[in-house]
Amino acid sequence: MLQPKKQKFRKQQKGRSRGRLVETRGTTLAFGRYGLQALQAAWVTANQIEAARKAISHGMEREGKMWIRVFPDKPVTKLPPEVTLGGGKGGVDHYVVPVKPGRILFEMDGVTEEIAFKSLRVAGHKLPVKTKIIKK
């Protein structure tokens with residue numbers, strides 16, 4: 001699972017996710033010929049990224065190359081169940097990456113278009129955002 005090796009601060013505030021704003025960086029294919037682009041705003045967890053990565057590598061059948069263009073560096077805290085108020089903020093539970101519409105999540109190259117579209121479609125189903133497959 002992806003997570004930062006170290007951070008300046010252990011816990012972060014939630015921030016605001018404004019889905020109407022589109023991403024300004026990471027919106028074009030930079031490494032591969034095919035890519036998976038987000039169409040919605042959401043928090044994508046490290047587990048979801050790993051599930052999509054496994055789906056892509058399984059569909060590629062160890063051919064070609066894949067790039068993960070997002071990294072979960074935002075800690076999400078959670079209190080245990082049935083805890084009363086007043087105990088402070090909970091411990092870090094998992095890490096997420098805030099994704100806005102237009103962000104490229106995965107790229108791949110070195111495989112046929114049919115294999116790329118098939119494996120990226122399966123990977124898109126593992127993610128909490130609507131996605132589309134793009135090509136150069």
Side-chain angles (χ1 to χ4, degrees):
M1 228 172 20
L2 295 171
Q3 71 180 37
K5 286 188 178 80
K6 64 180 187 177
Q7 286 185 312
K8 187 170 183 179
F9 299 106
R10 199 164 46 96
K11 298 175 183 177
Q12 266 185 29
Q13 293 186 334
K14 282 184 183 173
R16 286 285 169 261
S17 174
R18 294 183 219 139
R20 59 180 158 70
L21 296 177
V22 294
E23 190 68 68
T24 56
R25 52 196 197 93
T27 58
T28 58
L29 291 174
F31 304 103
R33 183 176 290 162
Y34 308 102
L36 191 66
Q37 187 175 38
L39 298 177
Q40 292 177 326
W43 281 359
V44 181
T45 67
N47 287 335
Q48 292 162 344
I49 294 171
E50 178 65 14
R53 184 198 66 79
K54 280 185 177 179
I56 291 173
S57 60
H58 179 76
M60 288 171 53
E61 297 170 353
R62 294 185 307 230
E63 295 176 4
K65 189 161 172 56
M66 172 184 52
W67 293 269
I68 304 172
R69 295 281 307 272
V70 290
F71 184 79
D73 58 353
K74 182 180 186 71
V76 177
T77 60
K78 190 173 182 183
L79 280 169
E82 299 181 16
V83 173
T84 57
L85 294 177
K89 191 166 181 165
V92 174
D93 185 49
H94 60 279
Y95 288 87
V96 299
V97 55
V99 170
K100 291 181 185 175
R103 172 73 104 160
I104 304 289
L105 304 172
F106 294 93
E107 290 188 31
M108 59 191 302
D109 201 359
V111 293
T112 64
E113 185 173 329
E114 181 183 331
I115 291 173
F117 273 64
K118 182 183 173 198
S119 58
L120 287 173
R121 184 181 58 80
V122 173
H125 291 303
K126 310 284 184 189
L127 299 171
V129 293
K130 287 183 181 176
T131 57
K132 75 174 179 181
I133 300 167
I134 58 173
K135 67 176 185 175
K136 242 180 204 170

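In this chain, numbering begins with 1 at the start of the sequence shown. Please read these numbers as outputs of a predicted model, since none were measured by experiment.
Minimum heavy-atom separation, Tyr34 to Thr112: OH-C, 4.2 Å. Nearest heavy-atom pair across Gly35 and Leu29 is CA-CD2, 3.7 Å. Contact record, Gln7 with Asp73: NE2-O, 2.8 Å, taken as the closest heavy-atom pair. For Val76 against Trp43, the heavy-atom pair with the smallest separation is CG2-CZ3, 3.9 Å. Nearest heavy-atom pair across Ile134 and Gln37 is CG2-OE1, 3.6 Å. Of all non-hydrogen atoms in Val122 and Ala55, the two that sit nearest each other are CG1-CB, 3.9 Å.
Side-chain atoms of Thr27 never come within 3.5 Å of backbone atoms of Thr24 as a donor-acceptor pair (strictly under, hydrogens ignored). No donor-acceptor distance shorter than 3.5 angstrom exists from the side chain of Glu107 to the backbone of Arg69, with no hydrogens or angles considered.
Hydrophobic clustering keeps Val70 apart from Ile104 (ILVMFWY residues linked when any side-chain heavy atoms are closer than 4.5 Å, directly or through intermediates). In the hydrophobic clustering of ILVMFWY residues, with side-chain heavy atoms under 4.5 Å counting as a link, Val97 and Val92 come out apart. Val44 and Met66 fall within a single hydrophobic cluster, where Ile, Leu, Val, Met, Phe, Trp and Tyr side chains are chained together by heavy-atom contacts under 4.5 Å. In the hydrophobic clustering of this structure, Leu127 groups with Ile56; members are Ile, Leu, Val, Met, Phe, Trp, Tyr whose side-chain heavy atoms approach within less than 4.5 Å, directly or through other members.
Other residues, nucleotides and ligands contribute more than 12 heavy atoms inside 6.0 Å of the NZ atom of Lys89. Within 6.0 Å of NZ on Lys130 lie no more than 12 heavy atoms contributed by other residues, nucleotides or ligands.
Side chains of Leu2 and Phe71 form a contact here, defined as non-hydrogen atoms less than 4.5 Å apart. Looking only at side-chain heavy atoms (C-beta outward), Tyr95 and Asn47 stay at 4.5 Å or farther from each other. Pro75 has its side chain out of reach of Lys11: every pair of non-hydrogen atoms, C-beta onward, lies at least 4.5 Å apart. Gln40 is not listed as a side-chain neighbour of Pro101, based on a closest heavy-atom distance of 4.5 Å or more.
One finds the CZ atom of Arg121 at 10.5 Å from the OG1 atom of Thr131 (value rounded to the nearest 0.5 Å). To the nearest 0.5 Å, atoms CE (Met1) and CZ (Arg53) are separated by 12.5 Å. Between the CG atom of Leu36 and the CZ atom of Phe117 there is a distance of 10.5 Å, given to the nearest 0.5 Å. Taken to the nearest 0.5 Å, the CG atom of Asp109 stands 9.0 Å off from the CE atom of Met60. With rounding to the nearest 0.5 angstrom, the OG atom of Ser57 is 10.0 Å from the CZ atom of Arg62. In this structure, Leu105 CG and Ile68 CD1 are separated by 10.5 Å, a value rounded to the nearest 0.5 Å.
A salt bridge links Arg103 to Glu23: one of the charged nitrogens lies within less than 4.0 Å of a carboxylate oxygen.
Checked against Thr45 for a side-chain contact (heavy atoms from CB on, under 4.5 Å), the options Lys74, Glu50, His94 give a single hit: His94. A salt bridge (Lys or Arg N to Asp or Glu O under 4.0 Å) with Glu113 holds for exactly one of Lys136, Lys135, Lys118; it is Lys135.
Checked against ring-ring contact (aromatic ring centres under 6.0 Å, His included), Phe31 has the following partners two or more places apart in sequence or in another chain: Trp67.
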